[in-house]
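Only one structure is covered here, and it is reproduced in the block below.
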Amino acid sequence: MQTEAFYDKATGTISYVVFDDESKDAIIIDPVLDFDPIAVRVTHTSAQRLLSFVSDHELKVHYIVETHAHADHLSSSQLLKAELGAKIAIGEHIQTTQATFKAVFQLEDDFKTDGSQFDRLLGDGETLEAGSLSFQVLHTPGHTPADISLYTEGAVYTGDALFMPDFGTGRCDFPDGSAENLYTSITEKLYTLPEDTTVYVGHDYGTADRGPAWVTTIAACRAENKQLRAGVDRETFVDWRKARDAVLKPPRLLFQSVQVNVRAGQMPPAEENGRSYLKIPVGLFD
Ligand SMILES: [Fe+2]
């Protein structure tokens with residue numbers, strides 16, 4: 001099994017193609033749809049990189065997996081689904097996220113909050129089979145209530161739960177986020193994986209000392225994670241995470257991302273003039 005990473009500089013997102021070069025079976029994790037908020041324009045450069053890689057390696061993509069409803073980038077899952085015939089999967093607790101944002105954005109009455117916009121909802125401990133590939137779903141809430149990590153022997157894809165050791169962990173201040181839950185997810189679900197498991201993170205922005213990076217190990221995270229090394233007690237982490245989140249700015253593409261991603265990457269239904277609109281809730285943070 002191999003993992004190819006695709007780094008999106010605009011949002012610091014890492015998308016992955018996980019594949020077997022012999023069987024050609026593959027999944028895609030967290031694909032990006034490029035969105036310019038000033039030009040109000042969607043482009044397909046990031047999705048095209050994924051499609052080119054899949055085509056060059058003649059891969060059969062079974063699933064496009066979202067580790068959660070992202071708040072910093074739009075998903076290109078619908079485009080990839082149309083091109084590749086793959087199914088879109090996300091953690092089952094997306095239903096909570098959908099209900100929350102239906103209220104925040106006053107989405108249309110018939111917007112469903114049962115996750116049915118996705119092809120498959122994944123529960124904790126479930127196995128995701130993709131041809132010869134097999135992943136164990138780990139529900140790792142905290143950043144959002146719906147976050148999942150995917151574990152396969154030797155590797156885990158942690159989305160926004162666990163980042164590079166010198167970067168830390170995902171923020172927990174979005175609606176239904178929970179620093180307490182993130183502590184449990186990391187210490188009980190991720191840090192109990194074999195120490196030599198390779199960790200592929202969902203975001204990185206580089207630091208003053210290095211460029212963007214996305215590969216580490218469970219051992220390195222346990223020993224060196226700057227926010228949550230193994231042995232740090234719950235209260236210390238939760239207090240630190242809450243204090244940190246209190247001074248973080250909202251993501252640049254927050255409103256656009258969330259409204260599209262709770263629809264499994266679809267734009268809102270077109271208005272009478274044929275155009276789709278994204279809302280900005282004025283004063284939301286007051
Ligand atoms: Fe996220």
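Values in this document were obtained by computation on a predicted structure and should not be read as measured data.
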Taking distance alone, no hydrogens or angles, what donor-acceptor pairs closer than 3.5 Å link side-chain atoms of residues 127-134 to residues at least two apart or in another chain?
from : atom 1 : to  : atom 2 : distance (Å)
S132 : OG     : S23 : OG     : 2.6
S132 : OG     : D25 : OD2    : 2.9

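Between D245 and R241 there is a salt bridge, with a side-chain nitrogen of the basic residue lying less than 4.0 Å from a carboxylate oxygen of the acidic one. We find that E180 and K242 are joined by a salt bridge, their nearest charged nitrogen and carboxylate oxygen being less than 4.0 Å apart. A salt bridge links E195 with R222: the distance from a Lys NZ or Arg NE/NH1/NH2 to an Asp or Glu carboxylate oxygen falls below 4.0 Å. A salt bridge is defined here as a Lys NZ or Arg NE, NH1 or NH2 lying under 4.0 Å from an Asp or Glu carboxylate O, and R171 with D173 meets this definition. Here R210 pairs with D204 in a salt bridge; the nearest charged N to carboxylate O distance falls below 4.0 Å. Using a 4.0 Å cut-off between charged side-chain N and carboxylate O, R120 and E126 make a salt bridge.
Judged by distance alone, the side chains of T198 and T217 never bring a donor and an acceptor atom under 3.5 Å apart. Looking at D160 and H68, their side chains do bring a donor and an acceptor atom within 3.5 Å of each other. Looking only at atom types and distance, the side chain of S46 has a donor-acceptor partner in the side chain of D34 under 3.5 Å away. Counting only N and O atoms by type, the side chains of D209 and T207 include no donor and acceptor under 3.5 Å apart. Between the side chains of R234 and T184, at least one donor N or O sits under 3.5 Å from an acceptor N or O. With no hydrogens or angles considered, a side-chain donor-acceptor pair links T169 and Q227 at under 3.5 Å. T11 and D8 are linked by a side-chain donor-acceptor pair at a separation below 3.5 angstrom, with hydrogens and angles left out of the test.
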E224 vs D166, side chain to side chain contact (heavy atoms under 4.5 Å, CB included): CA-CA, chis, key distance, verdict: CA-CA 7 Å; E224 300 161 26; D166 59 353; over 6 Å; no

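Checked against W214 for a ring-ring contact (aromatic ring centres under 6.0 Å, His included), the options F6, Y7, Y200 give a single hit: Y7. Of the residues I28, V61, I29, the one that meets the side-chain contact (heavy atoms from CB on, under 4.5 Å) test with V17 is I28.
Taking D30 as the reference, T67, H70 meet the side-chain hydrogen bond (donor to acceptor under 3.5 Å, both in side chains) condition, with sequence neighbours excluded. Under the side-chain hydrogen bond (donor to acceptor under 3.5 Å, both in side chains) criterion, Q78 pairs with no residue, sequence neighbours left out.
The distance between the ring centers of F135 and Y151 does not fall below 6.0 angstrom. Checked against the 6.0 Å centroid criterion, the rings of F53 and F19 qualify as a close aromatic pair.
Taking 4.5 Å as the limit, every side-chain heavy atom of V199 sits out of range of all side-chain heavy atoms of Y157.
Here the CG-CG distance, from D36 to L253, works out to 9.0 Å after rounding to the nearest 0.5 Å.
Y191 and L228 make their closest contact through OH-O, 2.8 Å (heavy atoms, listed as atom of the first residue, atom of the second, distance). Taking each heavy atom of K189 and T192 in turn, the nearest pair found is O-OG1, 3.3 Å.
Around the CD1 atom of I280, the shell of radius 6.0 Å holds no more than 12 heavy atoms that belong to other residues, nucleotides or ligands. Around the CZ atom of R244, the shell of radius 6.0 Å holds no more than 12 heavy atoms that belong to other residues, nucleotides or ligands. Within a 6.0 Å sphere centred on CG of N273, other residues, nucleotides and ligands contribute more than 12 heavy atoms.
Side chain of K102 to backbone of D109: a donor-acceptor contact under 3.5 angstrom is found.
Taking the six-membered ring where the residue is Trp, H203 and H73 present perpendicular rings, their angle passing 60° and hence far from 30°.
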